[in-house]
2 protein chains.
Amino acid sequence: MTTIADVAKMAGLSRATVSRVLNNHPNVTEEKKRLVRDAMERLNYVPNSTAQRLRNQKTDTIAILVPVLTNPFFAYLLEAMDTVATENNLQLLVCQTRYDREKELNFLSLLKTKQVDGLILTSSENDWEIITEFTQYGPIVLCNEYSQVVNVPAVRMNNTEAAYRATRHLIEQGCRKIAYSYGEKKSSVALEREDGFRQALKEHSLPMNKSWIIRNVYDIEDGRGALNYLTKLSERPDAVFTGSDQVATGMIMEAKKQNIHVPGDLAIVGFDDQPIASIIEPGLTTIAQPIKQMGTRAMETMIEVILHKRELSYQEILLPFELIVRDSTNRFSFN
Amino acid sequence: MTTIADVAKMAGLSRATVSRVLNNHPNVTEEKKRLVRDAMERLNYVPNSTAQRLRNQKTDTIAILVPVLTNPFFAYLLEAMDTVATENNLQLLVCQTRYDREKELNFLSLLKTKQVDGLILTSSENDWEIITEFTQYGPIVLCNEYSQVVNVPAVRMNNTEAAYRATRHLIEQGCRKIAYSYGEKKSSVALEREDGFRQALKEHSLPMNKSWIIRNVYDIEDGRGALNYLTKLSERPDAVFTGSDQVATGMIMEAKKQNIHVPGDLAIVGFDDQPIASIIEPGLTTIAQPIKQMGTRAMETMIEVILHKRELSYQEILLPFELIVRDSTNRFSFN
DNA sequence: GTGATTTTTGAAATCGTTTACATACTATAA
DNA sequence: TTATAGTATGTAAACGATTTCAAAAATCAC
């Protein structure tokens, strides 16, 4: 491996001068600059970035914790973050937690071991008290998931409000027995949505049947299972508000298979407005999240801290959502 | 920041001994071990991994170059790689090239600058000669994309054969005027598929109309555009073989909008067998790639080199594909 | 108790950079 | 010419770990 010392020797100069050329310091004569550049060229020299990291005490890398890459919501979120990061010469370390507490802890330790300059959390398996501990090792920004306990910036959507609106929409469509499905039990996202859901039911004095709350559903396959579960109940719901378009899609597909009419027998609302929502038939009513904005703002906030040394503290960036109505809830003019 | 020196001081021992405890070296008395561990605990010490990387001359990180994260094909590929990497205590550095030559070059330099121990390429924008140059800086493995020019392992599918089979299937369905769409011009994947496509046409003495070859289509939106392009032609094709389920999906959606019947007016074959292929109506006939296997084998090959110091040379790992027939090409019993 | 052997520990070099400080050189002003 | 300021370069000490080598301590054999 060719090092700065080799370049220095070949150029007949000291390592310091070579380093100065490398970092565009002033006060290096054009002649020496040329000498150094020639030597670098000849030796095909590239600085070792591990050494630079050690010396400069920064990595120019941000860790992003996501549960899974295969959920489009997180893929698009990452894409947005990546765009901003790249523009600012920062690397992204993409970390898949697979909804696993242990894995998440390991990734959080990246901050401790100084492998990354900052960390963005998009979901979380551990208690907020535990996560709070890690804030002493480096900047953390929350995106999507959030908590007031952890004193850090949070970029998010008002999930309570969104769930409330989605549920109210179902009620307005004439649904009276509404089910709710979500993924992680502890997730703030799921809790908030459940709040909004309950609120809407309460406002209309509708019952809240415990067996209509389904947890641990994440993807299309889980959605199919959830639908099967619902159809086996003695008292079936006439609508379901799901935590994800993936799940809703699985439900619609299984409903078709079982000749359950959507929305006639069962109206379905998804979440995220993923491409799939407008592809499946019937089109899926869903909540459109400002994914791109969320990713962008989260990364920008991180950059403020990392690059511009801004102090980091609790700060809530609330982004707007939109209820997209499609046929999966259209009970008045279904064919 | 607390360093190994702090621990050493508190334990009343040397840095060397602390390091030995850290790395489970033999020949450290239980008593000193305890002393060191206590000190680490008290000081909440964690080794700085940048320093370890510099000293050990390895990063335990593999870079994976993918064009985009939002294409499920690459998301699933990454997931498979991630699984194997994690089991072997390796980190993944996910790099989005966005089909950009410059970006790809920058990521390739990660090898030069010793930021990663190895690199897996899943697509490629630069000439193979350029990529060959980088093999001197560290191990490269090809996955999906491939080339015989670069003397490195390649895990892939026989795309020529797959395209041939898909096209023949269309011909067997009675199609005679078949279009072909792909993304990257230089990509080996696209070239191979075009080969297979041409071969099948030739075998059946079918014409190959230049205006039926559509390039630069990647996603659902591009698929819509491609369909619009085709419908505007004076001589329209009666089938299209696309390079991706995303594109095929876009075409189906736009076809519906324009009242073009699939497969009656236009039969469509996709590629990848993404979830979407069985969700859209009509169901999409497509080639199922062994994504999980591809990712797994590629990462395993890399690990052989990194962890077990196996010599790396050209080696082709060919994996099987499957033609999944659905309604988008079923011209005999469509309703 | 002595010498040989083995185990345990520490001092110092190393990985490849950057930078504070010292020094040498150049230019300017009196 | 000399003092002064400013510019260009080099020396050596970081950054935080690991490891070689040597020395010290413990163990063993007689």
Side-chain angles (χ1 to χ4, degrees), chain A residues 1-40 43-61 109-117 137-138, chain B residues 1-40 43-61 109-117 137-138:
Chain A
M1 182 184 207
T2 113
T3 75
I4 206 171
D6 302 325
V7 177
K9 194 192 282 177
M10 167 164 271
L13 293 164
S14 72
R15 306 204 314 280
T17 305
V18 176
S19 175
R20 288 195 188 98
V21 174
L22 217 50
N23 295 284
N24 293 314
H25 275 261
N27 303 344
V28 182
T29 55
E30 280 307 320
E31 188 206 348
K32 316 271 163 164
K33 265 188 201 163
R34 203 179 37 70
L35 245 43
V36 169
R37 297 225 165 95
D38 282 0
M40 294 210 238
L43 293 168
N44 198 6
Y45 167 79
V46 190
N48 178 314
S49 53
T50 301
Q52 292 180 313
R53 288 178 178 203
L54 177 58
R55 173 62 220 217
N56 297 332
Q57 298 285 72
K58 60 176 189 147
T59 63
D60 292 323
T61 304
S109 302
L110 291 171
L111 270 182
K112 261 196 187 178
T113 60
K114 304 291 171 207
Q115 284 190 71
V116 298
D117 293 344
Y137 302 114
Chain B
M1 184 186 206
T2 113
T3 76
I4 205 171
D6 302 325
V7 176
K9 194 191 284 177
M10 168 164 271
L13 293 164
S14 73
R15 306 205 313 280
T17 304
V18 176
S19 174
R20 289 195 188 97
V21 174
L22 218 49
N23 295 282
N24 292 312
H25 276 263
N27 303 342
V28 182
T29 55
E30 282 306 321
E31 188 206 346
K32 315 271 162 161
K33 266 189 200 162
R34 202 179 39 68
L35 244 45
V36 169
R37 299 228 164 93
D38 281 1
M40 294 210 234
L43 292 168
N44 198 6
Y45 168 79
V46 190
N48 177 315
S49 53
T50 300
Q52 292 181 313
R53 287 177 179 204
L54 178 58
R55 172 66 221 215
N56 297 333
Q57 297 286 74
K58 59 176 191 148
T59 63
D60 292 322
T61 304
S109 302
L110 292 170
L111 269 181
K112 262 196 186 178
T113 59
K114 304 290 171 208
Q115 284 189 71
V116 298
D117 293 343
Y137 302 113

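Sequence lines set the chain letters: A, B, ... in the order given, protein chains first and strands last, and positions in each chain run from 1. Values below: every heavy atom of this structure, side chains too, minus hydrogens, waters and symmetry copies. Because the structure is predicted, anything quoted here is derived from the model rather than measured.
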Practice task
Measure from the side-chain N and O atoms of A/Thr59 to the backbone N and O of A/Asp117, and report whether any donor-acceptor pair falls under 3.5 Å.
Solution key: yes
Problem - Nucleotide C/dG16, atom P - distance to CG of A/Leu43 in whole Å - result: 14 Å
Exercise for the section: Give the rounded distance in Å between these two atoms: CG of B/Leu35 and C1' of C/dT8. Expected result: 14 Å
Handout entry: Between A/Glu31 and A/Thr29, a side-chain donor and acceptor under 3.5 Å
Key = no
Exercise for the section: Identify the residue among A/Asp6, A/Val46, A/Val21 that makes a side chain to side chain contact (heavy atoms under 4.5 Å, CB included) with A/Met40. Expected result: A/Val21
Exercise for the section: Give the rounded distance in Å between these two atoms: CG of B/Leu54 and P of C/dT17. Expected result: 9 Å
Exercise for the section: Check for a donor-acceptor pair, side chain of B/Asn23 on one end and backbone N or O of B/His25 on the other, with a separation under 3.5 Å. Expected result: no
Practice task
Classify the nucleic acid contact of B/Thr29 as base, sugar-phosphate or nothing, counting any heavy atom under 4.0 Å across all strands shown.
Solution key: sugar-phosphate
Problem - Atom-to-atom span, CG of B/Asn23 to P of D/dT19 - whole angstrom - result: 6 Å
Completion exercise
On DNA chain C, more 5' by nearest nucleotide between A/Asn56 and B/Glu31 is B/Glu31
Problem - Residues A/Lys33 and A/Glu30 bridged, charged N to O under 4.0 Å - result: yes
Practice task
For A/Asn44 and B/Lys112, run side chain to side chain contact (heavy atoms under 4.5 Å, CB included): C-alpha distance rounded to whole Å, both residues' side-chain angles, the deciding distance at 0.1 Å, then the answer.
Solution key: CA-CA 10 Å; A/Asn44 198 6; B/Lys112 262 196 186 178; 3.8 Å; yes
Exercise for the section: May I ask you to evaluate whether A/Asn27 reaches the phosphate of D/dT7, defined as a side-chain N or O under 4.0 Å from OP1 or OP2? Expected result: no
Exercise for the section: Return no unless some side-chain N or O of B/Gln57 is found under 4.0 Å from OP1 or OP2 of C/dT14. Expected result: no
Practice task
Name the nucleic acid region contacted by A/Asn48, choosing base, sugar-phosphate or nothing; use a 4.0 angstrom heavy-atom cut-off, strictly under.
Solution key: sugar-phosphate
Practice task
Examine C/dT18: is either OP1 or OP2 under 4.0 Å from a nitrogen or oxygen in the side chain of A/Gln52? Give yes or no.
Solution key: yes
Practice task
Check every strand shown and say whether B/Lys32 touches a base, only sugar-phosphate, or nothing at a heavy-atom separation below 4.0 Å.
Solution key: sugar-phosphate
Exercise for the section: Go through the N and O atoms of the side chain of A/Arg55 and the base of C/dT18, and report whether any donor-acceptor pair is under 3.5 Å. Expected result: yes
Exercise for the section: For A/Arg53 and D/dA17, give me the distance from atom CZ to atom P, rounded to whole Å. Expected result: 16 Å
Problem - Side-chain donor/acceptor of B/Thr113 to backbone N/O of B/Ser109, under 3.5 Å - result: yes
Exercise for the section: Return the value, rounded to whole Å, for the distance between atom CG of A/Asn24 and atom C1' of C/dT18. Expected result: 14 Å
Exercise for the section: Give a yes or no on whether a donor-acceptor pair under 3.5 Å exists between the nucleobase atoms of D/dG10, that is its base, and the side chain of A/Arg20. Expected result: yes
Practice task
Residues of residues 4-16 of chain B with any non-hydrogen atom less than 4.0 angstrom from an atom of DNA chain D: list those, numerically ordered, please.
Solution key: B/Ile4, B/Arg15, B/Ala16
Fill in the blank from the handout: Assign each of A/Thr17 and B/Thr3 the nucleotide of DNA chain D bearing its closest heavy atom; nearer the 5' end lies the nucleotide of A/Thr17
